[in-house]
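The structure under discussion appears below in the form of structure tokens.
Side chains included, hydrogens not; waters and symmetry mates left out as well; all remaining heavy atoms used. Here, residue 1 is the first one in the sequence, and each next residue gets the next number.
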Amino acid sequence: MSAAIVTTRAAARRVAAHCRATTGGVCCPRRSYHSYDHPPTAGPFGGAEEAILAAAYRHVPEHGFSARALGLGARDAGYLDVSPSVLPDGGAFALIRYHLVSQRLGLASASDALFKQQQQQQQRVGVGAKVAALTWARLLGNRDVIQHWQEALAVMAQPSHVPESLKELAKLSDEIWFLAGDTAVDPSWYSKRATLSMIYTTAELFMTNDRSPDLTETNKFLARRLEEVQSVGGAVGAVGQWTGFTFQAAVNVLRSKGLGI
């Protein structure tokens, strides 16, 4: 084994260890799913890939999901600047996916914090209220990168990335329902997740244009969407209201803004 390989692998271990120590492991996921229906699997990123993406992720607020952020991340992780070229699609979508996965996994600890007081006081919080709180918490996970999120959506909407983007959206919806305590195994399992996916997607797109303090308009928008289906727990009859909004609708909005997709 060459000295260079030993050095880069050591750097990868250092970055991964630092990430676990400073973030509790959220940005270095070892479990990609919490749902009982989707048992934990191996982390979605390889060792070197994870090290570069973890380091690059810290540069996203300033440089976006870009080659610049990846180059800086590779350097921080002890790799050559050319290292991001070994990532899938040059790394841009990999960095976006890293954000999606780490934010989804972060909801597990967020749910503990959100509902800890109620649990201590033995107050019962309904599933619908938990779904609303978790969905809002996930939207706030975009706050530090919101200035770059329209460009990220444009990348996600590229034909080669749509399947993986939609798969991650489905995982997010399932994760939210799972963390909210939904245990139903009837046909509503699918309709509730489909409805929540559409609600989340529209709220996320709305958020990219929200300039209100603390994103209060996005919060109100989300509340209205949830109210329109009466309750997220009763989403069975409301799916038809949302099937007209597809990923393609988001693509059309982005095209109208001249993002070149």
Check for a donor-acceptor pair, side chain of [X] on one end and backbone N or O of [Y] on the other, with a separation under 3.5 Å.
| X | Y | result |
| --- | --- | --- |
| Ser165 | Met156 | yes |
| Thr195 | Lys192 | no |
| Thr216 | Ser212 | no |

Residue pairs involving residues 209-221 (criterion salt bridge (Lys or Arg N to Asp or Glu O under 4.0 Å); sequence neighbours excluded):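 Passing the test, one end in residues 209-221: Glu217-Lys220.
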Side chain to side chain contact (heavy atoms under 4.5 Å, CB included) between Asn219 and Leu215, intermediate numbers included: CA-CA 6 Å; Asn219 197 344; Leu215 299 168; over 6 Å; no
Test side chain to side chain donor-acceptor pair (under 3.5 Å) applied to [X] - qualifying residues, sequence neighbours left out:
| X | result |
| --- | --- |
| His59 | Asp76 |
| Ser66 | none |
| Gln147 | none |

For Ala152, side-chain contact (heavy atoms from CB on, under 4.5 Å) partners two or more places apart: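 side-chain contact (heavy atoms from CB on, under 4.5 Å) list for Ala152, sorted by chain: Phe65, Ile96, Trp149.
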Identify the heavy atoms of [X] and [Y] that sit nearest to each other, and give their distance.
| X | Y | result |
| --- | --- | --- |
| Ser173 | Ser197 | OG-OG, 2.6 Å |
| Ser111 | Leu134 | CB-CD2, 3.7 Å |
| Ala54 | Arg58 | O-NH1, 3.7 Å |
| Pro159 | Pro163 | O-CD, 3.4 Å |
| Leu139 | Ala203 | CD1-CB, 3.9 Å |
| Ala180 | Val127 | O-CG2, 3.7 Å |

Within residues 203-228 or reaching into it, pairs that qualify as ring pair (Phe, Tyr, Trp, His ring centres under 6.0 Å) - sequence neighbours excluded: Phe206-Phe221
First locate atom [atom1] of [X], then atom [atom2] of [Y], and finally report the distance between them rounded to the nearest 0.5 Å.
| X | Y | atom1 | atom2 | value |
| --- | --- | --- | --- | --- |
| Asn142 | Gln103 | CG | CD | 6.5 Å |
| Ser188 | Arg193 | OG | CZ | 8.0 Å |
| Arg224 | Thr202 | CZ | OG1 | 10.5 Å |
| Tyr200 | Leu205 | OH | CG | 11.0 Å |
| Leu114 | Lys130 | CG | NZ | 10.5 Å |
| Leu226 | Leu222 | CG | CG | 4.5 Å |

Residues Tyr57, Ile52; criterion side chain to side chain contact (heavy atoms under 4.5 Å, CB included); working and verdict: CA-CA 8 Å; Tyr57 190 54; Ile52 293 174; over 6 Å; no
Heavy-atom check, side chain of Val60 versus side chain of Leu95, under 4.5 Å: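 In contact.
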From CA spacing to verdict: side chain to side chain contact (heavy atoms under 4.5 Å, CB included), Leu179, Glu175: CA-CA 6 Å; Leu179 293 174; Glu175 184 83 332; 3.9 Å; yes
Those residues that, when tested against Glu168, pass salt bridge (Lys or Arg N to Asp or Glu O under 4.0 Å) (two or more places apart):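 Only Arg104 meet the salt bridge (Lys or Arg N to Asp or Glu O under 4.0 Å) criterion with Glu168.
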Salt bridge (Lys or Arg N to Asp or Glu O under 4.0 Å) partners for Glu164, two or more places apart: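 Salt bridge (Lys or Arg N to Asp or Glu O under 4.0 Å) check on Glu164 returns Arg97.
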Test salt bridge (Lys or Arg N to Asp or Glu O under 4.0 Å) applied to Glu228 and Arg225, step by step: CA-CA 5 Å; Glu228 285 173 5; Arg225 299 291 79 79; 2.3 Å; yes
Test: Arg138 cationic atom under 6.0 Å from Trp136 six-membered ring centre, within 45° of axis: no
Step-by-step side chain to side chain contact (heavy atoms under 4.5 Å, CB included) determination, His99 to Val145: CA-CA 10 Å; His99 170 77; Val145 300; 3.8 Å; yes
